[in-house]
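In what follows, a single structure is set out as structure tokens and then discussed.
Because only heavy atoms are used, hydrogens play no part in the values below, and waters and symmetry mates are left out as well, while side chains stay in.
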Amino acid sequence: MKYAVRIIKNQFYPLKISEGIKLNHGDMVLVRTEKGEEAHKVFLVNSEISTQWEKFKPEPLPFIRTMNARDLTELEEIKKLEVQALYKCREFAEKRKLSMNLIQSRYTFDRKKITFYYTAPERVDFRELLKDLTQEFKRVRIDLRHIGVRDETSILQGIGVCGQAYCCCSFLKKFESVNTKLAKDQGIPMTPGKITGSCGRLLCCLNYEYSNYLEAAKHLPPVGSGVMTPDGLGKVAMLNFLKKTVGVKLEDGKIKDYSKDDIEMIDGEVNIEIEGTDNRLNYSEEGETIDIKSLDNDKNSSTGNI
């Protein structure tokens, strides 16, 4: 049987275990990582992943021991110290007037190293802060890591509008590029509450069904094209991909939905004015403004520095 631990970004690492050691799914164990000794939960790996590991041969992490009652008590104490350390670091950063948002602190189990994760709009000179931390946490290695807002969300975790755990803290290992064109092409309302996650960036899931919408668009007339309907000439004003219907603006100014089989494209211009929107869902809620350019700027939203 194969065992693994999940450390960061939903990446599972196999364990290097000596023969004769028996583990159970859900056990808490100590493993050795590049940061030092860390406590993690054991996962029993299925045969499909074991087969993939045989193919790609990931580097296993050394197994130290199964955690006993005393270790678990120690772990609880460390969790409390992490909270205290985070607030202390925030206090120092505020005193130094540093533009940085401290997200989380993590001790190694042996308490030899503490890592502080933070977000910042620009580069931070934290040399003085590091001196403060060195004086406060003696005989402990200090690591300050700048991360992006998407990384922040994956660390803090939460539930999305879909009712499921955020993709970034459940199965998503790598952040893909996302832009507002994905939302426009899928007819999603162009409002922050509809197209952005708790990180303030565009929803990662905008990528998931995009190819299906592109395929559906191939079978529908483009917006702005002239068509003949059972009610006369009109111009395509909007598309409903899910219903596979076309919203046509007729000569009397009314917009009516038709099945794609009930209309026929025509050559030449149709003298009907339509608004410059791709579909009827492309709107902004009253009192809400949105800077499209800022949403498309995804630079440094994820650093992978966790």
Side-chain angles (χ1 to χ4, degrees), residues 5-11 13 26-42 61-159 165-166 168-170 197-200 300-306:
V5 291
R6 184 169 66 182
I7 298 183
I8 56 173
K9 302 299 289 182
N10 308 309
Q11 185 69 43
Y13 292 82
D27 284 349
M28 292 296 296
V29 298
L30 290 178
V31 297
R32 192 174 305 280
T33 71
E34 60 179 9
K35 296 179 183 178
E37 293 183 6
E38 295 189 54
H40 291 287
K41 183 185 294 185
V42 168
L61 296 176
F63 167 81
I64 299 176
R65 69 174 186 273
T66 302
M67 297 180 69
N68 53 37
R70 183 177 179 180
D71 292 328
L72 295 175
T73 301
E74 175 72 10
L75 182 60
E76 289 299 317
E77 181 63 26
I78 289 175
K79 295 298 181 184
K80 294 178 182 178
L81 290 176
E82 288 175 341
V83 175
Q84 296 172 11
L86 179 63
Y87 280 103
K88 196 65 181 178
C89 188
R90 286 176 177 173
E91 179 184 321
F92 288 142
E94 184 176 350
K95 183 180 70 173
R96 298 292 182 182
K97 297 181 179 180
L98 298 177
S99 180
M100 58 192 299
N101 180 29
L102 273 298
I103 305 301
Q104 192 180 71
S105 64
R106 287 181 180 173
Y107 267 105
T108 54
F109 188 78
D110 53 16
R111 303 194 192 187
K112 292 182 179 180
K113 181 177 181 180
I114 183 170
T115 304
F116 294 95
Y117 297 97
Y118 71 93
T119 60
E122 55 189 19
R123 184 165 181 161
V124 177
D125 183 356
F126 51 70
R127 286 175 293 183
E128 295 302 318
L129 173 63
L130 191 57
K131 291 179 182 178
D132 294 334
L133 294 173
T134 303
Q135 289 295 319
E136 179 70 23
F137 305 100
K138 300 183 184 300
R139 295 184 295 277
V140 178
R141 286 187 296 152
I142 308 295
D143 185 9
L144 285 162
R145 294 205 176 192
H146 177 225
I147 61 175
V149 290
R150 291 187 187 273
D151 300 316
E152 174 188 357
T153 303
S154 69
I155 288 177
L156 298 180
Q157 305 184 21
I159 302 297
Y166 294 146
C168 58
C169 60
S170 55
S198 62
C199 60
N300 295 329
S301 66
S302 174
T303 63
N305 198 29
I306 302 179

By ring-ring contact (aromatic ring centres under 6.0 Å, His included), Y118 pairs with (sequence neighbours left out) H146
List for me each residue that meets side-chain hydrogen bond (donor to acceptor under 3.5 Å, both in side chains) alongside K35, sequence neighbours excluded, and say none if there are none. Y117
Nearest-0.5 Å distance, SG of residue C199 to CG of residue L156: 11.0 Å
Yes or no on side-chain contact (heavy atoms from CB on, under 4.5 Å) for Y166 and I159, after CA distance, side-chain angles and deciding distance? CA-CA 6 Å; Y166 294 146; I159 302 297; 5.6 Å; no
Between T108 and E37: side-chain donor-acceptor atoms closer than 3.5 Å: no
Surrounding NZ of K112 (heavy atoms of other residues, nucleotides or ligands, distance under 6.0 Å), is the total greater than 12? no
Taking it one step at a time, do V83 and K79 satisfy side-chain contact (heavy atoms from CB on, under 4.5 Å)? CA-CA 7 Å; V83 175; K79 295 298 181 184; over 6 Å; no
Kindly determine whether I7 and L61 satisfy side-chain contact (heavy atoms from CB on, under 4.5 Å), including the steps that lead there. CA-CA 11 Å; I7 298 183; L61 296 176; 3.2 Å; yes
side-chain contact (heavy atoms from CB on, under 4.5 Å) involving L86 - partner list, sequence neighbours excluded: R90, L102, S105
Under a 4.0 Å threshold between the charged nitrogen and the carboxylate oxygen, would R65 count as salt-bridged to D71? yes
Pair Y13-T33, side-chain hydrogen bond (donor to acceptor under 3.5 Å, both in side chains): steps then yes or no: CA-CA 10 Å; Y13 292 82; T33 71; over 6 Å; no
Tell me every residue that passes side-chain hydrogen bond (donor to acceptor under 3.5 Å, both in side chains) with T115, counting only those two or more places apart in sequence or in another chain. none
Would you check if L81 and E76 make a side-chain contact, meaning some heavy-atom pair closer than 4.5 Å? no
Rounded distance [0.5 Å steps], NZ in K97 versus CD in E128: 14.5 Å
Spatial distance of atom CD (E136) from atom CG (D132) [nearest 0.5 Å]: 9.0 Å
May I have the step-by-step check of side-chain contact (heavy atoms from CB on, under 4.5 Å) for L72 and M28, ending in yes or no? CA-CA 8 Å; L72 295 175; M28 292 296 296; 4.0 Å; yes
Would you say E82's side chain and Y107's backbone share a donor-acceptor pair under 3.5 angstrom? yes
Side chains of T66 and D27: do they bring a donor and an acceptor to under 3.5 Å? no
Taking K138 for its side chain and Q135 for its backbone only, find out whether a donor-acceptor pair lies under 3.5 Å. yes
CZ on F116 to CE on M100, rounded to 0.5 Å: 9.5 Å
Tell me the closest heavy-atom pair linking I114 and A85, and the distance in Å. CD1-CB, 3.5 Å
Side chains of I64 and R32, heavy atoms from C-beta outward: is any pair under 4.5 Å? yes
Can you see which heavy atom on V124 is nearest to which on S99, and at what distance? CG2-O, 3.7 Å
With sequence neighbours excluded, what pairs up with E77 under the side-chain hydrogen bond (donor to acceptor under 3.5 Å, both in side chains) test? none
Do the side chains of E74 and R111 get close enough for a salt bridge, i.e. N-O under 4.0 angstrom? yes
With sequence neighbours excluded, tell me which residues meet side-chain hydrogen bond (donor to acceptor under 3.5 Å, both in side chains) with D143. R145
Point-to-point distance, once rounded to the nearest 0.5 Å, from OG1 of T119 to CD1 of I103: 4.0 Å
Distance col, row S301:OG vs E152:CD, nearest 0.5 angstrom, shows 11.5 Å
Is a side-chain donor or acceptor of N101 paired with a backbone partner of A120 at a separation under 3.5 angstrom? no
